[in-house]
Amino acid sequence: MALNVIMMGPPGAGKGTQAGRFARERGLLKISTGDILRDGIKAQLPVALRAKERMDRGELVDDETMVAIVRERLLRPDAQRGFVLDGFPRTVAQAEALDQIVAERNNGPLVIVDVRVPEHELVRRLAGRLICATCGANAEPPKDGSPAPPACGKCGGELVQRTDDNEQVVRERLKVYARATKPLVEFYRERPTFRIVNGAQPQERVAHELDTVIDDAALVSARVETPVAGKAAVPAKAERAART
Ligand code: AP5
């Protein structure tokens with residue numbers, strides 16, 4: 001059965017980093033709506049060029065455009081083994097549309113992970129981030145604290161700042177997150193497959209915590225969907241407590 005994951009969290013929480021790693025390790029399709037839009041801008045696609053102004057100001061692109069992009073991507077054959085969504089849904093309307101698409105696919109549980117990081121750390125990460133102008137990868141700062149590398153470690157491309165990573169736009173993105181996306185926690189909180197992860201730890205620790213909670217949520221979901229005869233199809237009290 002497929003495994004479907006939503007990686008939630010504010011800008012800079014590490015959604016893209018962890019979504020990429022998890023999808024690679026589990027053979028799932030990673031879908032980053034931010035990357036799709038940035039690739040579309042590079043390719044001069046009209047729909048992405050229309051979105052660019054809003055992205056540069058730190059605002060959200062309209063729901064209709066984003067739902068159409070994700071729907072088309074999720075219904076392709078390479079998404080049938082499962083997916084990891086990074087940056088979608090971002091509004092309640094997008095979450096409702098995603099529920100409908102997942103119901104149509106009828107293929108595996110939907111696990112929702114909320115990656116939490118304090119605001120000062122988000123601003124620090126994003127203001128200092130460099131990405132590759134060619135392949136879009138985040139530059140990996142050396143672990144020993146020495147200066148950032150002059151070129152992309154993956155393809156040798158030039159390292160640049162993302163146009164929405166200056167401090168003023170980052171603050172706007174955080175406001176937009178608090179207003180439009182944080183309410184999604186309430187939308188998902190009561191689901192047996194909702195989990196919270198502490199994203200303010202070294203990447204390896206975040207990865208370990210994430211893997212553990214996703215596997216646990218998938219297991220709980222399987223038990224909820226195939227209840228043993230005579231037993232209620234609800235998660236045990238300890239399982240519900242582990243979600244919050
Ligand atoms: P998007 O590209 O999705 O940006 P975002 O949500 O703001 O997220 P980021 O990519 O900035 O951060 P991240 O959480 O992925 O962190 P990352 O792993 O890169 O969206 C951009 C724009 O597109 C939006 O503002 C909007 O306009 C539009 N858009 C996209 N989707 C949309 C939608 N569904 N609806 C409407 N509009 C939409 O890590 C960040 C940095 O931290 C990196 O340098 C990384 O190396 C570092 N890092 C990661 N983990 C750790 C760690 N554990 N410790 C220390 N550093 C870490």
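Just so you know, these numbers use all the heavy atoms, side chains as well, and skip hydrogens, waters and symmetry mates. For ligands, and for the atoms within them, numbers begin at 1 and follow the listed sequence.
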Which protein non-hydrogen atom lies closest to [atom], naming both residue and atom, and how far is it?
atom                    : value
atom 16 (O) of ligand 1 : G14 N, 3.1 Å
atom 7 (O) of ligand 1  : R173 NH2, 2.6 Å
atom 19 (O) of ligand 1 : R129 NH1, 2.7 Å
atom 27 (O) of ligand 1 : E59 O, 2.6 Å
atom 34 (N) of ligand 1 : G87 O, 2.9 Å
atom 12 (O) of ligand 1 : G12 N, 2.9 Å
atom 31 (N) of ligand 1 : T33 OG1, 2.8 Å
atom 43 (C) of ligand 1 : N138 ND2, 3.6 Å

For [X], the ligand 1 atoms whose distance to one of its heavy atoms is below 4.0 Å:
X    : value
R162 : 1 (P), 2 (O), 4 (O), 9 (P), 10 (O), 11 (O), 21 (C)
G199 : 53 (N)
R125 : 42 (O), 50 (N), 51 (C), 52 (C), 53 (N), 54 (N), 55 (C), 56 (N), 57 (C)
G16  : 13 (P), 15 (O), 18 (O)
Q94  : 33 (C), 34 (N), 35 (N), 36 (C)
L37  : 23 (O), 28 (C), 29 (N), 30 (C)
P10  : 14 (O)

Quick one: does ligand 1 sit under 4.0 Å from the side chain of [X], the backbone, both or neither, non-hydrogen atoms only?
X    : answer
L126 : side chain
V61  : both
A19  : neither
Q201 : backbone
V70  : neither
Q203 : both

Heavy-atom distance to atom 20 (O) of ligand 1: which of M8, R90, R54, E53 wins?
R90

Heavy-atom nearest neighbour of atom 22 (C) of ligand 1 within options K15, M55, R21, M66
M55

Would you check the N or O atoms of [X], main chain and side chain alike, for any that come under 3.5 Å of an N or O of ligand 1?
X   : value
A13 : yes
F88 : no
T17 : yes
L60 : no

Is it the case that the side chain of [X] and the backbone of [Y] share a donor-acceptor pair, with hydrogens and angles ignored and the cut-off at 3.5 Å?
X    : Y    : result
K15  : G9   : yes
T181 : R90  : yes
K42  : T134 : yes
K30  : F83  : no

Measuring from non-hydrogen atoms of R38 to any atom of ligand 1, is the shortest distance under 4.0 Å?
yes

May I ask whether G9 has any heavy atom positioned less than 4.0 angstrom from an atom of ligand 1?
no

So, are [X] and [Y] salt-bridged, with charged N and O less than 4.0 Å apart?
X    : Y    : value
R71  : E104 : yes
R173 : D164 : yes
D99  : R191 : yes

Less than 4.5 Å apart, any side-chain heavy atom of [X] and any of [Y]?
X    : Y    : result
L29  : R73  : yes
N198 : V206 : no
R171 : V123 : yes
D211 : E25  : yes
R105 : N4   : yes
M55  : L60  : no

Does the side chain of R21 come under 3.5 Å of the side chain of Q18 through a donor N or O and an acceptor N or O?
yes

If you count heavy atoms of other groups shown closer than 6.0 angstrom to CZ of R57, is the number above 12?
yes

Quick check: closest heavy atoms across P89 and L98, and the distance to 0.1 Å?
CD-CD2, 3.9 Å

Do L37 and Y177 belong to the same hydrophobic cluster, where Ile, Leu, Val, Met, Phe, Trp and Tyr are linked whenever their side-chain heavy atoms lie under 4.5 Å apart, directly or via other members?
no

